Protein chains: 2
Amino acid sequence: MRPRLSPDEAVERSDAARNRERLLEAARDLIGECGAEGLTMDRLAEHAGVGKGTVFRRFGSRAGLMLTLLSESEAAFQARFMFGPPPLGPGAPGLERLIAFGIERIAYVMEFGDLALAAENASRGRVEVPAAALWYRHIEVLLTEEGFAADPWLMARSLGATLAPDRLLNLVRVHGVDADRLSDSWRELVTRVVTAA
Amino acid sequence: MRPRLSPDEAVERSDAARNRERLLEAARDLIGECGAEGLTMDRLAEHAGVGKGTVFRRFGSRAGLMLTLLSESEAAFQARFMFGPPPLGPGAPGLERLIAFGIERIAYVMEFGDLALAAENASRGRVEVPAAALWYRHIEVLLTEEGFAADPWLMARSLGATLAPDRLLNLVRVHGVDADRLSDSWRELVTRVVTAA
DNA sequence: ATAAGAAGCGGACCGTAGTCCGTTTAGATG
DNA sequence: CATCTAAACGGACTACGGTCCGCTTCTTAT
């Protein structure tokens, strides 16, 4: 009898693995050529030499694809604020970590912004980027650590909204704001929020 | 010779006016039936008995249509915070007006959120809702009035991001947060930002 | 090796926003 | 009333994201 595999340990079929590699490579190619917003699922399928159905089978949606492309850099970012050296990682006071978090996030968006933007726009009904829950939680913990008692859960989300890629990119690209100015404003914001009135 | 009219005083042709009325009525009908997200441009055209091209000629895009539908309530909202009675309108201290502004905005989004959401999603490249410039300016002025000196322009936009319809609706619909809690958090936020450290 | 069944595959198909362009018509002119 | 022209019209067309389902291929048990 064929051993039933639990979903976790299900093995990927070899052809499936090959196609996934092809698709990711093709995706990076196309993004390199045309930018993230120039990547369409049809062109990706054609460029990778697979059917369109395969693309959607792998990644579920365009957003899912973008998320996959982002995952390494996202993971690296997460690792840095959770386990890395201070002031971003543990070891520094909460406020300093909060400031560092925003500044690093701003830098991150400057680098991977288009991709993050494409990942956010789940076509149907605003699906939240899964990593976001982690950032919010992180901010919430730091707020609490600094003695912020009034609904830190919600305040974390408000502060996090300030760092949303679409907003930041809009400020930079349309209004010509630079990263330093964004960082200064973030510092001012969180400092005032944390400092008891 | 036919007098040349400047673009401002160009008169709308009678058939155009008739069609616009038909379209707006049909749009309100369909939204009443299916909600804002259920309104498609094809169905609108059919329901109004006009061609699809006419719909786009009138409103430019789906977002433009939604904006038009919102315009009266938007105008009313603007009038209230610019000329209405305190604490929302002039006459109250800046901080109180700021608090009132957020609370009213939250209430507004609870009422017209879907429409506002549909108006925001300009399909091509993040066009800013024109009214937003006014809100931001309003917040900026109030911040300055309260003695906030560190880049009030940018801080106004950060605070404004907190009140974005997609975010608020997500909190309410997905996380079950209610308007009062949002209002409390807003009060806390702006109070801390305005109160000098 | 063979058979069986699950996993994967592909591309026709759908709904949607938005564009294009040949045709119609309002309404001003004489 | 006849004429003329710019504005308005309409619907076929494109591009895109996403779904569906009959066919193919990998994997494993016999």
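Naming: A, B, ... by sequence-line order, numbering from 1 per chain. These figures come from a predicted structure and were not determined experimentally.
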For [X] and [N], what is the distance between atoms [atom1] and [atom2] respectively, to the nearest whole Å?
X	N	atom1	atom2	answer
A/Met41	C/dG15	CE	C1'	17 Å
B/Phe56	D/dT14	CZ	P	17 Å
A/Glu37	D/dA15	CD	C1'	16 Å
B/Leu65	C/dA17	CG	C1'	12 Å
B/Asp42	D/dT14	CG	C1'	13 Å
A/Leu44	D/dG18	CG	P	12 Å
A/Glu46	D/dG17	CD	C1'	16 Å

May I ask you to say whether [X] pairs ionically with [Y], meaning some side-chain N is under 4.0 Å from a carboxylate O?
X	Y	value
B/Glu74	B/Arg105	yes
B/Arg181	B/Asp184	no
A/Glu140	A/Arg137	yes

Practice task
Determine, using the 4.5 Å side-chain heavy-atom cutoff (strictly less than), whether A/Phe112 and A/Val172 are members of one ILVMFWY cluster.
Solution key: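 Cluster IDs for A/Phe112 and A/Val172 match.
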
Handout entry: Single-linkage hydrophobic cluster, 4.5 Å side-chain cutoff, A/Ile106 and A/Leu159 together
Key =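 They do share one cluster, since a chain of ILVMFWY contacts under 4.5 Å joins A/Ile106 to A/Leu159.
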
Practice task
For the side chain of A/Asp15, starting at C-beta, report the closest nucleotide among C/dG18, D/dG17, C/dC9.
Solution key: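 Nucleotide nearest to A/Asp15's side chain: C/dC9.
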
Handout entry: Nucleotide of C/dA6, D/dA8, D/dG17 approaching B/Arg58 most closely (side-chain heavy atoms)
Key =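 Comparing C/dA6, D/dA8, D/dG17 against the side chain of B/Arg58, the answer is D/dA8.
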
Below 4.0 angstrom from OP1 or OP2 of [N], is there any side-chain N or O of [X]?
X	N	value
A/Arg57	C/dC9	no
B/Thr54	D/dG10	yes
B/Ser14	C/dG27	yes

Handout entry: Given DNA chain C, 5'-ward residue of the pair A/Gly53 and B/Gly60, judged by closest heavy atom
Key =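 In this pair, the answer is A/Gly53.
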
Handout entry: Whether B/Phe101 and B/Phe77 hold their rings parallel, tilted or perpendicular, with breakpoints at 30° and 60°
Key =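 Judged by the thresholds at 30° and 60°, the geometry between B/Phe101 and B/Phe77 is tilted.
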
Exercise for the section: Please tell me which of B/Lys52 and B/Arg13 maps to the more 5' nucleotide of DNA chain D, matching each residue to the nucleotide holding its nearest heavy atom. Expected result: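 Whichever sits nearer the 5' end wins; that is B/Arg13.
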
Problem - Proximity to DNA chain C (any heavy atom under 4.0 Å), residues of residues 17-28 of chain A only - result: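 Only A/Asn19 qualify.
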
Practice task
Answer yes or no on whether B/Arg97 is positioned over the face of B/Phe81, meaning its NZ or CZ is under 6.0 Å from the six-membered ring centre and within 45° of the axis.
Solution key: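 Here B/Arg97 fails the 6.0 Å and 45° test against B/Phe81.
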
Practice task
Select base, sugar-phosphate, or nothing to describe what B/Arg62 touches, counting heavy atoms under 4.0 Å on all strands.
Solution key: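 The residue B/Arg62 makes sugar-phosphate contact but no base contact.
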
